[in-house]
Amino acid sequence: MTKSINTDYFFDEPAFNTHDGGYVPLEEPQTPQQPLRIPPLLKPDKETATDTYYTVEAQAGETQLLPGKKTKTWGYNGSLLGQTIVFPKGKTMHIDLKNSLPELTTFHWHGLNVPGPYTDGGCHAPVYPGQTRHIDFKVDQPAATLWLHAHPCPSTAEQVWRGLAGLALVTDEQEAKLPFPRNYGVDDIPLVLQDRRFHEDNQWDYNADYDPDGVQGPTPMINGTINPYFDVTTQRIRLRILDGANRREWRLHFSDDLPFTQVASDGGVMPEPVEFTHLMLTCAERAEIIVDFGKVTPGHTVTLYSDDVPLVRFRVHDFATDTTTLPEHLVDIPDPEVTPDTPIRKVVMSGMDEEVMIDGKKFEMQRIDAKQKVGNVELWDVTNTNDMDGGMVHPFHMHGTQFLVVSRNGKAPYPNEHGFKDTVGVNPGETVRLKVWFEHTGVYMYHCHIIEHEDGGMMAQIEAYDPDHPQTYKLMDMDTLMNAVAKERGIAVKDLHLAGMSSYEKMGMKM
Ligand SMILES: [Cu+2]
């Protein structure tokens with residue numbers, strides 16, 4: 001039986017970011033090629049059979065990205081991005097979240113099923129400069145490529161732009177039994193895809209580049225490397241790809257249209273492997289793919305592109321023959337039953353630029369927009385009404401759960417949308433139906449993951465509640481936030497300006 005290979009990007013071509021008025025085309029870096037940085041694995045402070053202790057420190061530093069002056073960057077346990085954190089399923093994590101930055105931040109675990117809103121680390125869990133917050137949680141979800149990023153509303157976009165994004169890998173026994181490459185840094189390689197603009201003296205300038213529809217730069221940056229290459233020493237490699245950009249979509253393909261196999265999406269391994277030559281990721285989505293270099297002659301280079309711009313050059317060396325084939329079925333995904341009584345929740349993403357909203361409203365930290373009982377399954381119909389000038393794809397993300405994609409405008413989801421996801425790109429004029437349930441109580445945000453859109457108010461929040469154990473939450477408020485940030489910066493509150501605020505002001509609204 002010949003497997004069919006998917007050769008298109010599926011999303012609506014007229015809505016690709018290349019058609020945006022403010023689109024910044026990627027440019028091939030003219031600087032020398034450098035070895036791809038592999039984020040080191042974060043060493044636990046302490047480890048027992050059942051518990052792991054980590055310290056994650058947000059810090060400022062400098063990174064040699066281009067020849068000449070170093071770039072001022074932020075990172076976790078390093079100057080840029082993060083060290084990769086491993087969460088073995090079933091173990092309890094104890095994490096000190098230390099803020100050594102000059103600004104308030106939060107530590108959000110994107111894709112992790114943990115209680116909200118404090119462990120989840122959204123805007124209600126601030127860590128002030130010089131302070132440490134402690135969280136504990138049990139890892140209780142399948143193996144997956146998740147990520148950690150800052151999420152202090154409305155400065156999420158700027159803090160991620162400065163470098164606050166790292167990977168977190170859930171591991172479990174089921175994934176460990178599958179014939180996937182998993183030698184980290186050798187044949188199991190993370191690829192964090194981002195883009196930046198370098199200004200004078202090789203510095204980034206978020207405010208100079210600000211665009212309410214999402215900040216972009218022309219230079220691809222992969223794992224914090226400009227113009228990287230990777231030495232391939234095994235026939236098969238696994239790439240854990242994260243769209244870690246603020247706004248950019250990545251339309252990925254290899255030279256000579258080398259096919260590859262996607263085995264996992266946001267929330268873990270998919271029920272079946274899916275073959276592609278082309279793959280589009282929207283902001284915050286992840287794809288784990290296995291690339292087989294068996295037909296490539298050692299000494300040759302295979303290039304990963306987005307559109308027509310090279311991102312990573314894979315220099316293929318001699319390798320031992322690998323005859324591993326993937327099973328046709330990888331894992332079972334639970335699929336709770338729905339009945340005619342299953343509630344259908346409608347969520348509408350609308351607008352572009354400063355006008356972005358959810359359900360006709362902009363985000364307010366103190367307002368809970370919806371409630372859903374823990375354990376109850378609901379269908380969420382998420383609509384993107386934005387079809388101005390061809391519109392744009394809004395990547396819809398939910399905190400606190402992994403959902404299933406049921407349909408796109410009543411039709412089957414894309415071939416790689418049959419596993420757990422936490423982020424789904426919604427085309428203009430499209431309604432994507434999701435199957436959603438929460439396993440933990442808490443207040444959780446849901447939003448567009450074009451990060452400037454969430455800062456600009458395309459965000460709402462839901463309380464997942466247990467009627468037998470009602471809870472109250474201390475939610476962050478704008479006065480506390482503004483006072484804290486103004487104090488950090490040594491300025492008066494009235495002189496404080498945070499990027500996302502302009503979207504509210506232009507609409508005559510207060511945050
Ligand atoms: Cu959006």
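Sequential numbering from 1 along the given sequence is applied to the chain's residues. Small disclaimer: the values here were computed from a predicted structure and weren't measured. Atom set for the values below is all heavy atoms of this structure, side chains included, hydrogens, waters and symmetry mates excluded.
- Summarising the geometry of P395 relative to I450, their closest heavy-atom pair is CD-CG1, 3.7 Å, with the distance given to 0.1 Å.
- Taking CZ of F198 as the reference point, atom OG1 of T219 lies at 6.0 Å (rounded to 0.5 Å).
- Here the CD atom belonging to E355 is positioned 10.0 Å from the CG atom belonging to D213, to the nearest 0.5 angstrom.
- The side-chain contact (heavy atoms from CB on, under 4.5 Å) test applied to T431 returns D381, T383, N409, not counting sequence neighbours.
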task: Any chance you could lay out the side chain to side chain contact (heavy atoms under 4.5 Å, CB included) test for L26 and S306, step after step, and finish with the verdict?
output: CA-CA 8 Å; L26 283 181; S306 181; 4.2 Å; yes

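- A donor-acceptor pair shorter than 3.5 Å can be found between the side chains of D243 and W250.
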Stepwise side chain to side chain contact (heavy atoms under 4.5 Å, CB included) check, L167 with R240: CA-CA 10 Å; L167 289 159; R240 300 175 184 257; 6.0 Å; no

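- A ring pair (Phe, Tyr, Trp, His ring centres under 6.0 Å) check over residues 132-158, counting only residues at least two apart or in different chains, returns the pairs F87-F137, H108-H149, H108-H151, H110-W147, H110-H149, W147-H149, W147-H449, H149-H151, H149-H449, H151-H399, H151-H447.
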- prompt: Stepwise, does the side chain to side chain contact (heavy atoms under 4.5 Å, CB included) test hold for W74 with Q59?
  reply: CA-CA 6 Å; W74 287 4; Q59 58 190 81; over 6 Å; no

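- Identified under the ring pair (Phe, Tyr, Trp, His ring centres under 6.0 Å) test for residues 409-428, with sequence neighbours left out: F10-Y414, F11-Y414.
- Cation-pi geometry between R133 and F107 is not satisfied (NZ or CZ under 6.0 Å from the ring centre, within 45° of the ring normal).
- Listed here is the closest heavy atom pair of P334 and D332: CD-O, 3.9 Å.
- Considering only residues two or more places apart in sequence or on other chains, E103 meets the side-chain hydrogen bond (donor to acceptor under 3.5 Å, both in side chains) condition with Q159, R489.
- In this structure, the separation between OG1 on T84 and CG on N223 is 8.0 Å, given to the nearest 0.5 Å.
- The side-chain heavy atoms of E13 and H19, taken from C-beta on, include a pair separated by under 4.5 Å.
- Side-chain atoms of N77 and Q83 form no donor-acceptor pair, as typed in the model, at a separation below 3.5 Å.
- The distance from the CZ atom of R367 to the CD atom of Q461 is 8.0 Å, given to the nearest 0.5 Å.
- F260 places a side-chain heavy atom less than 4.5 Å from the side chain of L279.
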task: Please test D205 against R197 for salt bridge (charged side-chain N to carboxylate O under 4.0 Å, His left out), starting from the C-alpha separation and ending with a verdict.
output: CA-CA 8 Å; D205 186 340; R197 183 182 293 281; over 6 Å; no

- request: Could you go through the salt bridge (charged side-chain N to carboxylate O under 4.0 Å, His left out) check for D211 and R247 one step at a time?
  value: CA-CA 10 Å; D211 178 334; R247 191 276 175 264; over 6 Å; no

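- I358 has its side chain out of reach of V348: every pair of non-hydrogen atoms, C-beta onward, lies at least 4.5 Å apart.
- Across all non-hydrogen atoms, the minimal contact from P39 to G82 is CB-O, 3.3 Å.
- The closest donor-acceptor contact from the side chain of T282 to the backbone of E249 lies at 3.5 Å or more, if one exists at all.
- Shown here are the salt bridge (charged side-chain N to carboxylate O under 4.0 Å, His left out) partners of D195, two or more places apart in sequence or in another chain: R248.
- Residues passing the side-chain contact (heavy atoms from CB on, under 4.5 Å) test with Q366 are L475, D477, sequence neighbours excluded.
- Proximity of D12 to P428: side-chain heavy atoms (C-beta onward) are separated by under 4.5 Å at one or more points.
- If you take CG on D353 and CG on D20, they are separated by 9.0 Å, rounding to the nearest 0.5 Å.
- Partners of D8 according to the side-chain hydrogen bond (donor to acceptor under 3.5 Å, both in side chains) rule, which considers only residues two or more places apart in sequence or in another chain, do not exist here.
- The two atoms that bring E454 and M459 nearest to each other are O-CE, 3.7 Å, heavy atoms only.
- The nearest pair of heavy atoms linking L242 to A284 is CD1-O, 4.0 Å.
- Proximity of a side-chain donor or acceptor of Q372 to a complementary backbone N or O of I462 within less than 3.5 Å is not detected.
- Between the side chains of D422 and Q402, at least one donor-acceptor pair of N or O atoms lies under 3.5 Å.
- Smallest separation of non-hydrogen atoms from Q141 and G111: NE2-O, 3.0 Å.
- Side chains of V382 and F403 form no contact here, defined as non-hydrogen atoms less than 4.5 Å apart.
- Within 6.0 Å of NZ on K373 lie no more than 12 heavy atoms contributed by other residues, nucleotides or ligands.
- One finds the NZ atom of K138 at 14.0 Å from the CG atom of N113 (value rounded to the nearest 0.5 Å).
- In this view, M221 and L65, L80, Q194, R196, W204, I226 satisfy the side-chain contact (heavy atoms from CB on, under 4.5 Å) rule, not counting sequence neighbours.
- Using a 4.5 Å heavy-atom threshold, the side chains of L252 and L311 count as touching.
- Taking the side-chain contact (heavy atoms from CB on, under 4.5 Å) definition, one finds that H278 meets it with Y9, H253, D257, sequence neighbours left out.
- Formation of a donor-acceptor pair under 3.5 Å by the D455 side chain with backbone atoms of A157 is found in this model.
- Without hydrogens or angle criteria, T225 side chain to R37 main chain gives a donor-acceptor distance under 3.5 Å.
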Could you pull out all donor-acceptor pairs under 3.5 Å where a side-chain atom in residues 490-503 meets a protein atom, sequence neighbours excluded?
residue, atom, partner, partner atom, Å
S502, OG, A499, O, 3.0

field: Residues K421, E285; criterion salt bridge (charged side-chain N to carboxylate O under 4.0 Å, His left out); working and verdict
entry: CA-CA 8 Å; K421 284 185 66 66; E285 283 189 297; 2.9 Å; yes

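- Between the side chains of E158 and S155, not a single donor N or O lies within less than 3.5 Å of an accepting N or O.
- Looking at E488, its side chain does come within 3.5 Å of a backbone N or O of L104 through a donor-acceptor pair.
- S79 is linked by a side-chain hydrogen bond (donor to acceptor under 3.5 Å, both in side chains) to T63, counting only residues two or more places apart in sequence or in another chain.
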field: Candidate pair L101 and L164, rule side chain to side chain contact (heavy atoms under 4.5 Å, CB included), full reasoning
entry: CA-CA 11 Å; L101 296 168; L164 292 184; 3.7 Å; yes

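- A 4.5 Å side-chain heavy-atom check between V405 and L434 finds at least one atom pair inside the cut-off.
- The shortest side-chain heavy-atom distance between N246 and Y206 falls under the 4.5 Å cut-off.
- Within the structure, the ring pair (Phe, Tyr, Trp, His ring centres under 6.0 Å) test picks out no pair touching residues 351-378 (sequence neighbours left out).
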